[in-house]
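All values reported here derive from a predicted model rather than from experimental measurement.
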Amino acid sequence: MTDIPELLTRIEQKRLWAYFHKDWLLQIRELLRPQLPRELAIVVESESVLISPGATEPFAAFAPDLSVARPDTNVPIGTLSERASATVLEVEEEFELFEQYSLLIRRAPENRVVAAAEILSPTNKGVFGLLDKEKYLRKRDAYFESDINLLEIDVLQQGDRLLPLALESLHKFDRTAWTVCHAAGRRHFRSWGWSATEPLPTVEGEFEPGLSTLVDLAGSCRCASEFNPWETLAE
């Protein structure tokens with residue numbers, strides 16, 4: 001049987017998280033559907049993320065395509081760059097473009113977002129740059145300001161911990177999950193913390209006041225790992 005905690009570590013190390021992320025989120029959606037009334041729609045929404053980690057090779061200087069002055073015919077070709085009027089810098093940089101997914105719960109018929117579930121990715125946690133982390137934190141602040149209930153799951157070892165101030169004590173754990181429910185001008189947090197080698201827990205969240213749901217993180221993650229050959233992909 002697959003060791004799920006160890007598999008998650010390997011998927012992260014192999015930089016496959018952007019692809020596994022969607023498989024897991026879809027399994028969580030399957031778990032939530034029978035627990036929610038039909039007037040609540042569960043949708044997976046995406047955004048494109050461009051990762052450009054920066055050039056690892058030094059800049060190289062080349063002669064320009066067009067020179068202002070025509071060189072003398074007797075000048076050796078190798079000295080053309082010395083006679084050029086400007087220097088052109090050419091740089092090759094690797095980049096990755098992938099889709100990042102969030103699970104949103106919308107109330108029909110007004111299509112109003114009432115809750116969200118986020119599985120943190122390396123980009124969310126600032127592994128590839130501070131701007132990506134700040135973008136996610138602004139998104140999470142928008143959830144709070146709009147009284148949108150939230151489930152956040154962080155099983156990654158790399159990157160910054162993005163815990164709210166109320167949950168600072170979770171920093172001692174390798175992996176965390178927490179929920180927040182807004183009601184009557186107050187926020188109610190519930191959290192879970194565990195080590196990188198322990199099984200994933202089942203978490204309980206209120207996606208609306210009085211409407212509790214259970215999310216089996218271990219079971220949904222196992223189903224995601226079996227949907228595609230992740231055990232082999234992460235070798």
Side-chain angles (χ1 to χ4, degrees), residues 1-32 35 44 49 51 53 96 98-103 116-130 132-133 136-137 140 150-181 188-207 212-235:
M1 181 177 292
T2 301
D3 183 340
I4 294 299
E6 191 265 340
L7 176 62
L8 291 176
T9 298
R10 285 193 283 122
I11 289 174
E12 179 182 4
Q13 293 172 343
K14 294 288 187 177
R15 294 186 64 178
L16 296 171
W17 193 257
Y19 311 102
F20 179 77
H21 179 271
K22 183 180 181 182
D23 283 357
W24 192 7
L25 204 59
L26 288 174
Q27 292 298 328
I28 291 176
R29 185 180 69 166
E30 292 296 314
L31 282 178
L32 289 176
Q35 300 182 62
V44 175
V49 178
I51 294 177
E96 295 180 51
F98 63 89
E99 296 296 310
Q100 189 160 277
Y101 300 91
S102 302
L103 190 152
E118 297 278 357
I119 301 176
L120 294 190
S121 67
T123 54
N124 296 149
K125 300 183 69 177
V127 172
F128 303 112
L130 183 61
D132 296 315
K133 182 182 77 171
Y136 174 73
L137 289 176
R140 193 174 74 182
L150 176 65
L151 164 63
E152 185 178 280
I153 303 162
D154 181 8
V155 298
L156 299 175
Q157 305 299 292
Q158 296 181 325
D160 298 333
R161 281 298 178 89
L162 307 182
L163 294 167
L165 184 60
L167 301 177
E168 283 293 305
S169 60
L170 286 181
H171 276 289
K172 62 185 178 183
F173 296 101
D174 298 323
R175 290 171 170 161
T176 63
W178 57 272
T179 64
V180 60
C181 182
H188 177 238
F189 289 92
R190 180 175 294 167
S191 61
W192 298 260
W194 65 99
S195 75
T197 58
E198 289 181 303
L200 280 64
T202 295
V203 303
E204 181 181 0
E206 285 187 282
F207 288 117
S212 294
T213 59
L214 294 176
V215 179
D216 180 359
L217 296 182
S220 58
C221 191
R222 183 172 300 282
C223 289
S225 70
E226 294 171 351
F227 183 82
N228 281 313
W230 287 107
E231 185 71 42
T232 303
L233 291 170
E235 287 182 350

Shortest non-hydrogen separation from A196 to P5 and the atoms involved = O-CB, 3.2 Å
Over all heavy atoms of both residues, which pair between I28 and S220 is shortest? Give the atoms and the distance, please.
-> CG1-OG, 3.8 Å
C221 side, atom SG; I153 side, atom CD1 - distance, nearest 0.5 Å | 9.5 Å
Value for CH2 (W192) from CZ (F173), rounded to nearest 0.5 Å, stands at 13.0 Å
Checking N124 side chain against S121 main chain: does a donor-acceptor pair fall under 3.5 Å?
-> yes
Spell out, as yes or no, whether a donor-acceptor pair under 3.5 Å connects the side chain of D132 to the backbone of T123.
-> no
Is a donor on one side and an acceptor on the other found under 3.5 Å between the side chain of W17 and the backbone of L120?
-> yes
Side chains of W24 and V155: does their closest heavy-atom pair fall under 4.5 Å?
-> yes
Spacing of L233 atom CG and F20 atom CZ [to the nearest 0.5 Å] = 11.0 Å
Donor-acceptor contact below 3.5 Å, side chain D216 vs main chain A218 | yes
Output yes when a side-chain donor or acceptor of Q35 lies under 3.5 Å from a complementary backbone atom of L214, and no otherwise.
-> yes
Would you check, one step at a time, whether the test side-chain contact (heavy atoms from CB on, under 4.5 Å) holds for R29 with L26?
-> CA-CA 5 Å; R29 185 180 69 166; L26 288 174; 3.8 Å; yes
Are any of the side-chain heavy atoms of D23 and W230 separated by less than 4.5 Å?
-> yes
Among all residues two or more places apart in sequence or in another chain, which pass the ring-ring contact (aromatic ring centres under 6.0 Å, His included) test with F227?
-> none
Measure up the W178 and F189 rings against each other and bin them: parallel (under 30°), tilted (30 to 60°), perpendicular (over 60°).
-> tilted
Would you please test F207 and L32 for side-chain contact (heavy atoms from CB on, under 4.5 Å) and show each step?
-> CA-CA 10 Å; F207 288 117; L32 289 176; 3.6 Å; yes
Scan for salt bridge (Lys or Arg N to Asp or Glu O under 4.0 Å) pairs involving residues 151-168, sequence neighbours excluded, and state none if there are none.
-> K125-D154, K133-D160, R140-E152, D154-R161
So CG of L217 and OG1 of T202: to nearest 0.5 Å the spacing works out to 7.0 Å
Minimum heavy-atom distance D174-S195, with the two atoms named | OD2-CA, 3.4 Å
Ignoring hydrogens and angles, tell me if any N or O in the side chain of E12 forms a donor-acceptor pair with the backbone of Q158 under 3.5 Å.
-> yes
If a pair satisfies salt bridge (Lys or Arg N to Asp or Glu O under 4.0 Å) and one of its residues is in residues 223-234, list it, with sequence neighbours excluded.
-> R10-E231
Between atom CD of Q157 and atom CD of Q13, what is the distance when rounded to the nearest 0.5 Å?
-> 9.0 Å
In Å and rounded to the nearest 0.5 Å, what is the SG to CD1 distance from C223 to I4?
-> 9.0 Å
Audit row: L156, V127, side-chain contact (heavy atoms from CB on, under 4.5 Å) steps and yes/no | CA-CA 11 Å; L156 299 175; V127 172; over 6 Å; no
Between Y101 and E118, what is the shortest heavy-atom contact and its length?
-> O-OE1, 4.2 Å
Between L167 and T176, does a side-chain contact (heavy atoms from CB on, under 4.5 Å) hold up when you go through it step by step?
-> CA-CA 10 Å; L167 301 177; T176 63; over 6 Å; no
What are the two closest heavy atoms between P199 and W194, and how far apart are they?
-> O-CD1, 3.9 Å
